[in-house]
Student: 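Below you'll find the structure I mean.
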Protein chains: 2
Amino acid sequence: MSDQTTCLHQRESRPRRLILAGAHRQPGYCLTCGIRAQSVCSVIDDDDIARLAEVAVETLVLPGRTFIEEGTAATDFYNITSGNVKLFKALPDGRRQIMGFATTGHFLGLAVSDQYAFGAEAMDTVRLCRFSRARMRQLMDDFPRLERRLLAEASNELVAAQNQMLLLGRKTARERVASFLLDRMRDATDPSQDVPLPMTRSDMADYLGLTIETVSRTLSWMRAERLIAIGRGHTVRVTASERLETLAAGEAA
Amino acid sequence: MSDQTTCLHQRESRPRRLILAGAHRQPGYCLTCGIRAQSVCSVIDDDDIARLAEVAVETLVLPGRTFIEEGTAATDFYNITSGNVKLFKALPDGRRQIMGFATTGHFLGLAVSDQYAFGAEAMDTVRLCRFSRARMRQLMDDFPRLERRLLAEASNELVAAQNQMLLLGRKTARERVASFLLDRMRDATDPSQDVPLPMTRSDMADYLGLTIETVSRTLSWMRAERLIAIGRGHTVRVTASERLETLAAGEAA
DNA sequence: CGTAACTTTGATCTCGATCAAGGCTTGTGG
DNA sequence: CCACAAGCCTTGATCGAGATCAAAGTTACG
């Protein structure tokens, strides 16, 4: 698929290396991109896609690497082509809030400000396309559909953020975990089967505004209540989705 | 200023009446609009502004009226021309989370979905311009700058939402109230003077994910610590902004 | 003035945090 | 193949920030 994965399989478990610099692609590159259909790139026609390919720089990020540092100059946009990423903000004493998890097809870096509003860390091996903001701006001038698509993207994220604010401000621990699991099921291929949770308890806690212990206890409670079954290797299956929906919606227990 | 304020001063405290239907404006209306400069409307030139005026419907909303109902069909966009609005989501048992406060110049209703993601209630007498989504869509086709401006608007809201997620997920009550007060100071005319807080303790609580009592106690504590001075009629003055900033940023006390 | 809504303050309770062991899993090296 | 180490995850005991319950005190408005 890609000719640039020379060190990809060597030692994924060691988050030591620098981000690979990547290279501008051949004009035909985006044309054959497998995830174009699900990403913002889909708004640019085959005829014009070479323009995008010129601007895109493919990059490989190893697990655990922070490739966007909160507060640094926002020079690029990113489009994830494979892997999982967590987006977060932190307080000076180390408290962290994860704003969301991004996966294949997600677009990162929307902000008017010249600084990134959040950090981004690879949860596994991540491949992404990088676009400089300046060049992206030119593309937006030439392709209004791109701007429209980004507006749609931003609007959706805004709705998600508002749901998360309701969760963080007003839901109980059980309601939070139930909401989280159901969200995961929603974008799973087969929600009736074991669904992977590619994040640690610590990540879930930082996403839900809880502690590791509370997340763990709540999951154990859900298993005891036969709402879910916890599989091996970070997977979960929902066994009573109706009851879980009721719980997540915050209806009187 | 407006000829449509016949019942404006009659009984603002009674949130009983229906929203006034309003009327399409004369072509020259937007041209003289005092808040155009601070709103999305500013991206449309004087030459073309008649197009916008045709589409705009001026509406008056009395205090306490909910003019956007969460979950109902999203038929319109709104632009606030005066007054204060709270945006909120609610759980079935009545728990509420206020997503934000909107005032003069703010644009409401961005969402790809066909339903409003949140409700909106007038906190005082509110005047707003209503645009049907369908007509707005036409305008966006004709004026790409409008779309660009909405993207900027959405991006800014996204950044604000992310800050609020950090606040709701990880900040203490004192840090939340400090952050809130400083945000209020930021868009005040003169932050060194008494700044109005046009919302009740209950609204602050629902915005900050706290209870009325905790908000009240925290404000009392801040007054006792000489961080703020609480004026009469919902006003506050910050007397120790450095210490308040430190507190809001979440640095070790 | 009187009343209804909002705010403050106090007493007590509780959910989730914190502190503290253990138990699993995974990966490495003998 | 097993021993060991280093992370995770789970479970238990206790604590505490903020919620809840309760009662005055203020404000605003008719």
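Quick caveat: nothing in here was measured; it's all calculated off a predicted structure. Here is the naming used below: chain letters follow the sequence lines, and residue numbers restart at 1 for every chain.
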Student: Rounding to an integer number of Å, can you tell me how far A:Ile230 CD1 sits from C:dT25 C1'?
Tutor: 15 Å
Student: Grab the CG-P distance between B:Asp203 and C:dC6 for me, whole Å please.
Tutor: 9 Å
Student: Check salt bridge (Lys or Arg N to Asp or Glu O under 4.0 Å) between B:Glu69 and all other residues, then give those that pass, not counting sequence neighbours.
Tutor: none
Student: Taking ring-ring contact (aromatic ring centres under 6.0 Å, His included) as the definition, give me every residue that meets it alongside A:Tyr207, ordered by chain and number, with sequence neighbours left out.
Tutor: A:Phe101, A:Phe180
Student: Report for the helix from C:dC1-D:dG30 to C:dG30-D:dC1: angle between first-end and last-end helix axes, five pairs each, rounded to 10 degrees.
Tutor: 40°
Student: Is there any salt bridge (Lys or Arg N to Asp or Glu O under 4.0 Å) pair reaching into residues 169-182 of chain A, and which pairs are they, with sequence neighbours excluded?
Tutor: A:Arg170-B:Asp206, A:Glu175-B:Arg95
Student: When the distance from CH2 of A:Trp221 to C1' of C:dC15 is rounded to whole Å, what number comes out?
Tutor: 14 Å
Student: Test: salt bridge (Lys or Arg N to Asp or Glu O under 4.0 Å). Region: residues 196-205 of chain B. Which pairs qualify, not counting sequence neighbours?
Tutor: B:Lys86-B:Asp203, B:Arg96-B:Asp203
Student: Round to a whole Å and report the spacing from CG of A:Asp206 to P of D:dC9.
Tutor: 12 Å
Student: Whole-Å distance between C:dC15 P and B:Arg95 CZ?
Tutor: 13 Å
Student: Under the salt bridge (Lys or Arg N to Asp or Glu O under 4.0 Å) rule, what pairs show up with a residue in residues 210-236 of chain A, not counting sequence neighbours?
Tutor: A:Glu225-A:Arg243
Student: I need a per-nucleotide contact map over nucleotides 17-28 of chain D, read 5' to 3'. Cutoff is protein heavy atoms under 4.0 Å; write B for the base, S for backbone only, - otherwise.
Tutor: -SSBB-----SS
Student: Using whole Å, what does the distance between atom C1' of nucleotide D:dG7 and atom CZ of A:Arg201 come to?
Tutor: 14 Å
Student: Quick one: side chain to side chain contact (heavy atoms under 4.5 Å, CB included) partners of A:Ala117, sequence neighbours excluded?
Tutor: B:Val159, B:Gln162
Student: At 4.0 Å (heavy atoms only), tell me whether B:Ser220 reaches a base, stays on the sugar-phosphate, or touches nothing.
Tutor: sugar-phosphate
Student: Starting at atom CG of B:Leu219, determine the distance to atom P of C:dC6, rounded to an integer number of angstrom.
Tutor: 17 Å
Student: Taking CD1 from B:Ile212 and C1' from C:dT9, how many angstroms apart are they, rounded to a whole number?
Tutor: 14 Å
Student: To the nearest 0.5 Å, what is the distance between CZ (A:Phe88) and CD1 (A:Ile98)?
Tutor: 8.0 Å
Student: Check A:Ile230, A:Leu181, A:Leu219 against A:Leu197 for a side-chain contact (heavy atoms from CB on, under 4.5 Å) and give me the one that passes.
Tutor: A:Leu181
Student: Got a sec, which residues hit ring-ring contact (aromatic ring centres under 6.0 Å, His included) with A:Phe107, two or more places apart in sequence or on another chain?
Tutor: A:Phe77
